[in-house]
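Just below is one structure, and these are the notes that go with it.
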Amino acid sequence: MAEELSAATSYTEDDFYCPVCQEVLKTPVRTAACQHVFCRKCFLTAMRESGIHCPLCRGNVTRRERACPERALDLENIMRKFSGSCRCCAKQIKFYRMRHHYKSCKKYQDEYGVSSIIPNFQISQDSVGNSSGHPTFKCPLCQESNFTRQRLLDHCNSNHLFQIVPVTCPICVSLPWGDPSQITRNFVSHLNQRHQFDYGEFVNLQLDEETQYQTAVEESFQVNI
């Protein structure tokens with residue numbers, strides 16, 4: 001018990017957030033060399049993009065890790081035992097339940113918009129596209145148009161960082177589950193929280209495979225209890 005408490009107190013709340021998606025970790029995995037932790041899905045997606053480098057520090061990642069990253073079991077156990085504050089309503093929630101809480105937290109939805117849970121990996125065919133095939137968007141804060149997701153993110157961080165105006169996120173609306181009536185109070189914060197990656201990059205990660213993996217993780221905890 002003393003060892004568990006010592007291990008837990010060595011973490012800060014920031015350690016339970018993925019540096020890629022900026023959300024509470026889901027199925028955390030850890031790199032062997034640099035010991036950085038990511039959501040499993042975020043890590044696998046980043047590996048397809050960067051090849052052999054850690055998404056955070058650009059350190060080397062082995063071929064075996066790229067295909068089957070090591071679960072951060074110590075962190076998973078701590079997330080099941082300890083609580084943190086919801087970033088919007090300040091309610092104390094077990095870290096492993098935080099994402100579930102966000103789906104029902106009205107203050108969180110008002111702040112960041114749609115849920116971080118991705119129910120479908122297909123990009124809407126209604127999105128405007130450019131010559132490279134990527135969808136483009138209009139900035140709702142200044143009406144400048146023809147931005148890719150990354151260019152819109154860069155544009156808003158450079159020009160609208162402190163502009164807090166209720167708007168509809170054009171990226172969210174372009175997705176199959178997008179709701180045109182969903183208002184985002186802090187659009188720039190929403191972009192940084194929700195749209196660090198193109199949703200199309202996730203298309204090769206099959207939802208069934210991820211669900212099966214998550215089920216196996218849950219079952220392994222039941223066996224260990």
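- Between the R151 side chain and the N146 main chain, a donor and an acceptor come within less than 3.5 Å of each other.
- Between the side chain of S104 and the backbone N or O of H101 there is at least one donor-acceptor pair closer than 3.5 Å.
- Note: C169 SG to H195 NE2 = 3.5 Å, rounded to the nearest 0.5 Å.
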What's the verdict on side chain to side chain contact (heavy atoms under 4.5 Å, CB included) for C142 and H155, showing C-alpha distance, side-chain angles and the deciding distance? CA-CA 10 Å; C142 68; H155 164 79; 3.3 Å; yes

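- If you take CG on L191 and OG1 on T184, they are separated by 8.5 Å, rounding to the nearest 0.5 Å.
- To the nearest 0.5 Å, atom CZ of residue F162 and atom CG of residue N186 are 11.0 Å apart.
- R66 places a side-chain N or O within donor-acceptor distance of the main-chain N or O of V61, the cut-off being under 3.5 Å.
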Carefully, step by step, assess E23 and R99 under the rule salt bridge (charged side-chain N to carboxylate O under 4.0 Å, His left out). CA-CA 8 Å; E23 288 288 3; R99 285 190 180 228; 5.5 Å; no

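- In terms of heavy-atom proximity, A32 sits nearest to E65 at N-OE2, 2.6 Å.
- A donor-acceptor pair under 3.5 Å is absent between the side-chain atoms of K94 and the main chain of M79, judged by distance alone.
- K107 is not listed as a side-chain neighbour of C86, based on a closest heavy-atom distance of 4.5 Å or more.
- Contact check for C156 versus C139: side-chain heavy atoms found under the 4.5 Å cut-off.
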Worked check of side chain to side chain contact (heavy atoms under 4.5 Å, CB included) between C18 and K26: CA-CA 8 Å; C18 173; K26 180 179 181 181; over 6 Å; no

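- Using the six-membered ring where Trp is involved, H190 and F187 have ring planes that are parallel, under 30° apart on the 30 and 60° scheme.
- Between V37 and L75 there is a side-chain heavy-atom pair separated by less than 4.5 Å.
- Screening F82, Y17, F16 against F95 for a ring-ring contact (aromatic ring centres under 6.0 Å, His included) leaves a single residue, F16.
- Contacts classified as salt bridge (Lys or Arg N to Asp or Glu O under 4.0 Å) and involving residues 28-38 (residues at least two apart or in different chains) are given here: R30-D74.
- Atom CD of Q35 has more than 12 heavy atoms from other residues, nucleotides or ligands within 6.0 Å.
- For the pair Y96 and L25, the minimum side-chain heavy-atom distance is 4.5 Å or more.
- The side-chain heavy atoms of V29 and E70, taken from C-beta on, include no pair separated by under 4.5 Å.
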List the steps, then state whether side chain to side chain contact (heavy atoms under 4.5 Å, CB included) holds for F38 with H36. CA-CA 7 Å; F38 308 89; H36 289 134; 3.8 Å; yes

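- No salt bridge links K138 with E144; every basic N to acidic carboxylate O contact stays at or beyond 4.0 Å.
- Inter-residue side-chain proximity for R71 and P28 is flagged as unmet; no heavy-atom pair is nearer than 4.5 Å.
- For the pair S174 (side chain) and I171 (backbone), a donor-acceptor distance under 3.5 Å is present.
- Between P170 and P140 there is a side-chain heavy-atom pair separated by less than 4.5 Å.
- At least one side-chain heavy atom of V188 sits under 4.5 Å from a side-chain heavy atom of L141.
- By the side chain to side chain donor-acceptor pair (under 3.5 Å) test, Q92 is found to be paired with S85, residues two or more places apart in sequence or in another chain being considered.
- The closest donor-acceptor contact from the side chain of T148 to the backbone of T136 lies at 3.5 Å or more, if one exists at all.
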